Amino acid sequence: MEHKLSLYNSLTRKKELFKPLHSPHVGLYVCGPTVYSEPHLGHVRMAITFDTLFRYLLHLGYKVRYVRNITDVGHLEDEVAGTGEDKISKKAKLEQLEPMEVVQKYKLMFQEVLQILNTLPPSIEPQASGHIIEQQQMIRRIMDNGYAYEVNGSVYFDIETYNKKYTYGQLSGRKVEDMLANTRQLEGQQEKRSPLDFALWKKAGDEHIMRWPSEWSEGFPGWHLECSAMSTKYLGETFDIHGGGLDLLFPHHECEIAQTVASQGKDHVRYWMHNNMITIDGQKMARSLHNFITLKELFTGSHEKLERGYTPMNIRFFLLQAHYRSTLDFSNEALQASEKGLHKLLKAIENLDRIQAGKQSTLSVVPVIEKCFEALNDDLNTPIAIAQLFEGVRLINLLLEGKETLDPTDLERFSTFMKNICYEVLGLQPLEQSLTHDSAEEGLLQILVDLRLDARKNKDFATSDLIRDKLNELGIALKDTKEGTTWERIG
RNA sequence: GGUCGCGUGGCCGAGUGGCUAGGCAGCGGUCUGCAAAACCGUGUACGGCGGUUCGAAUCCGCCCGUGACCUCCA
């Protein structure tokens, strides 16, 4: 595998050359959504970031097993209030639905949205509720190794004991003593020996409707366990890449490391990757802050922050124009700017097939190709890769006008490069056919275009402009080009 | 309070100790009956104050602003 892909490893806080454990196989695990409400822009950033990584790894020739979980159990919502109620079950009661009905509804919604955004389906999409046994087995191992204790039917992870042999807090750069000094005293934690300890298994209260039998109690697994259990099951005890949102870094991923290491006695993830947050008005977009925009709203424009709807590819391109480790601020202006840029890019790539090869090449396509791959190899720097594609656009237009030429070999190479990066790696899709497929409508439009052409030939500009303006009012824009008049639907 | 990050031209957003990021907008031009579209060209910006250096927006210090995590969160 000849490449120099470097990835920023959250664990070491450095870019590191990526070397898979068992090349050409790569194991990739990404924390997916908790399916209890509609997908929003933040979820999509996670999905598109790691979809692009998945695509690039495939492009480099790796055989990737991409596992993205669906969280449908656990994740205590409000331990502070002592209810110990599970997010899924709370929403279920609210809507008078079975928990699994909620799960099903939102799971399908996520999958649909992600498909519309042209993300490739993961190799495996495991659900936590389907892996209760595996989670219990892992708890057993952790207890056998002496890193967990049971209290009243609940099992907690023992940070202090773990920290004697291993180091807790490496991923997030925290020290156990500092954390102890700064811990808020929360109620409802009397069972824990230390405030830092976290639940591996929780005994279910009467009101808790998602529950499973276990040797400790009828209950449910702790917040972080599913990822440890499922990643181990499908990718092995030690695997290559684990990804997720930056907000999961602590405590979720920190606990995941501790659990897994405690159960198997060795490291489990080699490269940790975290995508940064989408912000809106400078603040993190989150369900808990009630400032999120769902994908449905983005597509339709039905949100007070939205001036209008945006296409899936527009959203995908917008996200890719920022580096995944930077925060990205949402705005209509930014979205509309990338919409125009995307249109320009896709139009140019469509035009690639119209370029005639010349006898010899008057320019070199090597620099743009090399720079583009350098960018992707540099921690998946999609903004720079895209900048290189725009350089490619400039070349395409020079070639179209005959100001420069490429010999057949170079043209083929250049064309393949542009299409591969754009469609295969970045996952952008060709422009939708804006012309109507309705032959009657198409014919009518052609008649009007021809009439207008006649009028213009006769210098009857009043008539020609009337046709143009009236069509515009109907949402059809006429575009006069050298090759003739075309039309596009607008708005 | 603790930990970590960010502050780039009108907007979004890369990057870097000296070598063009890019997109959008603006401006100029080509094309056009006019316009739109399309295409070409064009912008020495890096929060403030000090310091290191031949040279810093890029390194260091201080300050200001802002955000993330520390509770579920992509």
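Because the structure is a prediction, the values reported are computed rather than measured. Chain identifiers are assigned alphabetically (A, B, ...) following the order of the sequence lines, protein sequences preceding nucleic acid strands; residue numbering begins at 1 within each chain.
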Say we look at [N] and [M]: how far apart would their [atom1] atoms be, to the nearest angstrom?
N	M	atom1	answer
B:U71	B:G65	P	26 Å
B:G2	B:G55	C1'	39 Å
B:C46	B:G18	C1'	16 Å
B:A25	B:A57	P	31 Å
B:A68	B:A36	C1'	45 Å
B:U53	B:C59	C1'	10 Å
B:U32	B:C27	P	22 Å
B:U44	B:A21	C1'	14 Å

For A:S154, check side chain to side chain contact (heavy atoms under 4.5 Å, CB included) against everything at least two apart and list the hits. A:Y156, A:E191, A:K202, A:K203

Flag the pair A:F317 / A:H343 as yes when their ring centroid distance falls below 6.0 Å, and as no otherwise. no

Please find out if less than 6.0 Å separates the ring center of A:H274 from that of A:H253. yes

Nearest-Å distance, [atom1] ([X]) to [atom2] ([N])?
X	N	atom1	atom2	result
A:M179	B:G1	CE	C1'	15 Å
A:D329	B:U8	CG	C1'	15 Å
A:L246	B:U3	CG	C1'	13 Å
A:M277	B:C6	CE	C1'	15 Å
A:Y324	B:A14	OH	C1'	15 Å
A:H343	B:A38	NE2	P	7 Å
A:L466	B:A35	CG	C1'	15 Å
A:R456	B:C34	CZ	P	10 Å

Indicate, yes or no, whether a donor-acceptor pair under 3.5 Å links the base of [N] to the side chain of [X].
X	N	answer
A:N276	B:G67	no
A:R468	B:A35	yes
A:D480	B:A35	yes
A:R325	B:C6	no

Can you tell me if the side-chain N/O atoms of [X] get under 4.0 Å from OP1 or OP2 in [N]?
X	N	value
A:T34	B:A74	yes
A:N397	B:C40	yes
A:T481	B:C31	no
A:K403	B:C40	no

Assign each of A:S464 and A:R394 the nucleotide of RNA chain B bearing its closest heavy atom; nearer the 5' end lies the nucleotide of A:S464

Here's a test of your reading of the structure: between A:Q283 and A:G32, which maps to the more 5' nucleotide of RNA chain B? A:Q283

Quick one: which of [options] gets closest to the side chain of [X]?
X	options	answer
A:N381	B:G15, B:C73, B:A35	B:G15
A:A286	B:C73, B:G33, B:A38	B:C73
A:M285	B:C70, B:A74, B:C39	B:A74
A:R452	B:A35, B:A14, B:A74	B:A35

Parallel, tilted or perpendicular, as decided by the 30° and 60° cut-offs, for the rings of A:F110 and A:H43: perpendicular

Base, sugar-phosphate or nothing for [X]? Non-hydrogen atoms, less than 4.0 Å.
X	answer
A:E339	nothing
A:A322	sugar-phosphate
A:L328	sugar-phosphate
A:H274	nothing
A:D465	base
A:F250	sugar-phosphate
A:G245	sugar-phosphate

List for me each residue that meets salt bridge (charged side-chain N to carboxylate O under 4.0 Å, His left out) alongside A:D247, sequence neighbours excluded, and say none if there are none. A:K284

In 5'-to-3' order, the base (B), backbone-only (S) or no-contact (-) status of each nucleotide in nucleotides 20-28 of chain B, using a 4.0 angstrom heavy-atom cut-off, is BBSBSS---

Can you tell me how far CG of A:L117 sits from CZ of A:F299, rounded to the nearest 0.5 angstrom? 4.5 Å

Looking at every non-hydrogen atom in both residues, tell me the closest pair between A:K192 and A:P195 and how far apart they are. NZ-O, 4.0 Å

Validate the cation-pi geometry between A:R325 and A:Y8: distance from NZ or CZ to the six-membered ring centre under 6.0 Å, angle to the ring axis within 45°. yes

Looking at A:F461, does the NZ or CZ of A:R456 lie under 6.0 angstrom from its six-membered ring centre and within 45 degrees of the ring axis? no

Any side-chain heavy atom of A:V35 within less than 4.5 Å of one from A:T71? no

Heavy-atom check, side chain of A:N276 versus side chain of A:Y324, under 4.5 Å: no

Only counting residues at least two apart or in another chain, list the ones meeting ring pair (Phe, Tyr, Trp, His ring centres under 6.0 Å) with A:H323. none

Which residues share a ring pair (Phe, Tyr, Trp, His ring centres under 6.0 Å) with A:F157, sequence neighbours left out: A:Y162, A:F198

Return one dot-bracket line describing RNA chain B 5' to 3' (Watson-Crick or G-U wobble pairs, both distances under 3.5 Å; ( ) same strand, [ ] crossing, | another strand, . none). (((((((..(((.....[...))).(((((.......)))))....(((((..]....))))))))))))....

